[in-house]
Amino acid sequence: MDYISTRGSAPALDFAGATLAGLASDGGLYVPREWPRFSAADIAGFAGLPYAELAQRIMQPFVGDSLTPERLLELTRAAYGRFAHQAVTPLKQFDEQQWLLELFHGPTLAFKDVALQLLGLLFEEFLGRSGQNLTIVGATSGDTGSAAIDAVAGRAKVDIFMLHPKGRVSEVQRRQMTTVLAPNVTNIAIEGTFDDAQAMVKRIFNDGAVTSRFNIGAVNSINWARLMAQVVYYFAAGLQLGAPHRPVAFSVPTGNFGDVFAGYVAAQMGLPIARLIVATNVNDILHRALSQGDYSAGTVTPTAAPSMDIQVSSNFERLLFDLNGRDGAALSAQMAGFEATKAMQLTNAQREGASALFTSARADAEEMDAAIRWAWEACGELIDPHTAIGLHAARASGLPRDVPVVTLATAHPAKFPEAVEAATGTRPVLPARVGDLFEREERLIELPGTYEAVADYVTTHAVPKG
Ligand SMILES: *Cc1c(COP(=O)(O)O)cnc(C)c1O
């Protein structure tokens with residue numbers, strides 16, 4: 001499988017190349033040249049497979065010749081063998097219509113482990129072949145950072161520099177990053193918001209003075225391999241609820257549009273999906289874009305669901321590309337307009353195309369609390385604030401009673417104990433496997449929120465290409 005850029009002018013790459021590249025050289029994002037498609041009979045044949053085997057089957061068409069089926073299966077078994085639940089992503093039932101897909105049984109208690117545990121292994125595999133070094137520069141609003149650091153800590157030929165907005169991630173999230181003391185891990189707290197940090201990371205990718213000396217890699221969901229790994233659990237849940245014979249809806253707590261885009265990919269591959277509900281908090285650029293066509297960035301309001309405190313959703317570009325008839329030149333012009341003004345109107349074709357599969361909803365702080373309370377009081381489940389936003393949107397969706405609605409549980413409730421306790425009176429406990437987090441030593445550096453400070457630090461401390 002070949003990978004092409006959403007902006008139409010970067011060279012096509014194979015899967016290994018797209019995995020190591022992150023952002024394309026024309027500023028676009030890599031997408032497969034076409035969507036592989038499974039027949040209903042293929043999908044029926046996946047029923048009952050263990051997760052690691054299902055993952056190999058779903059991902060092989062994207063991986064192409066970059067890995068043999070045997071090798072890919074070894075990697076999926078290694079990645080998902082580190083999960084604390086045998087089912088990897090177990091499905092729970094709330095009531096006749098509402099379901100919960102628990103994606104937080106990985107090492108850092110957030111859904112990002114599902115993709116990043118595999119990505120760390122893919123980096124090691126492809127760097128081992130090329131003999132090159134990789135410098136990962138990432139920005140995190142909380143969960144990406146810890147999941148990425150866990151996935152690459154101590155691995156050969158990879159350095160990671162992880163930026164987070166100082167004081168805007170939860171203490172559990174910060175400690176999960178800063179207590180990893182492996183020498184190839186550097187945590188950087190910057191003054192500013194997540195969007196400021198993400199803008200700096202994008203700029204590093206486009207800075208010739210940096211990219212001529214270092215291979216800069218991405219662990220944010222601009223990296224295609226992450227989205228690919230997330231497609232698998234849509235199939236896993238769909239199969240349990242009757243795919244390919246019964247369509248299922250998914251409600252997805254959304255920030256950078258990566259997780260819900262993976263659902264879109266599953267639909268393109270043939271999984272019958274009744275609806276994808278894009279759930280946002282008050283940072284609602286995606287809700288405005290999908291309901292009114294208005295994609296304009298406001299200022300970020302910090303909330304109890306910090307991984308969704310985002311005003312610019314990188315992966316939305318991948319959807320717009322498809323909805324534009326995959327016209328890279330037209331999308332490049334549209335995105336240049338957005339980058340200049342921080343606002344754009346979706347075209348009619350983009351709005352109509354999106355409305356065939358997507359709806360959206362926005363939850364404020366009270367609606368989020370009410371969803372946490374409902375899950376606890378009516379169903380005996382503690383859920384985290386991000387998941388609660390998804391559950392609010394799922395229950396408000398108005399879908400017919402015979403369509404199962406699966407809310408993606410994106411973080412373990414114990415990552416956000418204050419918000420959960422405030423809503424329910426019950427404090428969630430950290431699973432034993434991470435229980436000593438508050439006793440461990442922390443290591444991080446602080447930098448001002450300027451591009452020069454960050455670029456200078458990275459280029460003086462990273463290992464050149466080799
Ligand atoms: C990252 C994250 C999200 C948002 O996912 P996107 O792929 O960026 O849309 C939602 N919830 C939690 C807990 C997260 O860590």
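Note that ligands are numbered from 1 as they come in the structure, with each ligand's atoms numbered from 1 the same way. What's counted below: heavy atoms across the whole structure, side chains too, no hydrogens, waters or symmetry copies. Throughout, residue positions are numbered sequentially from 1 according to the sequence presented.
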Check: Is the closest side-chain donor-acceptor distance between Y233 and D259 under 3.5 Å?
Finding: yes
Note to self: Ring centroids only, cut at 6.0 angstrom: are F111 and F104 within range, meaning strictly under it?
What the structure shows: no
Next item on the list: Please answer whether the main-chain N or O of H287 pairs with a side-chain N or O of D284 as donor and acceptor at a distance below 3.5 Å.
Entry: no
Margin query: Taking A370's backbone N and O only, do any of them form a donor-acceptor pair with H392's side chain (distance below 3.5 Å, no angle check)?
Written below: no
Item checked: side chain to side chain contact (heavy atoms under 4.5 Å, CB included) partners for A182, two or more places apart -> A153, V180, N184, V185
Would you tabulate the polar-atom pairs, meaning N/O of ligand 1 against N/O of the protein, with distances under 3.5 Å, reported to 0.1 Å?
| from | atom 1 | to | atom 2 | distance (Å) |
| --- | --- | --- | --- | --- |
| ligand 1 | 7 (O) | G258 | N | 3.2 |
| ligand 1 | 7 (O) | D259 | N | 2.8 |
| ligand 1 | 8 (O) | N256 | N | 2.7 |
| ligand 1 | 9 (O) | G255 | N | 2.8 |
| ligand 1 | 9 (O) | N256 | N | 3.2 |
| ligand 1 | 9 (O) | F257 | N | 3.1 |
| ligand 1 | 11 (N) | T410 | OG1 | 2.9 |
| ligand 1 | 15 (O) | K112 | NZ | 2.5 |
| ligand 1 | 15 (O) | D143 | OD2 | 2.5 |
| ligand 1 | 15 (O) | S307 | OG | 3.4 |

Note to self: Under 6.0 Å between ring centres: does that hold for H386 and F416?
What the structure shows: yes
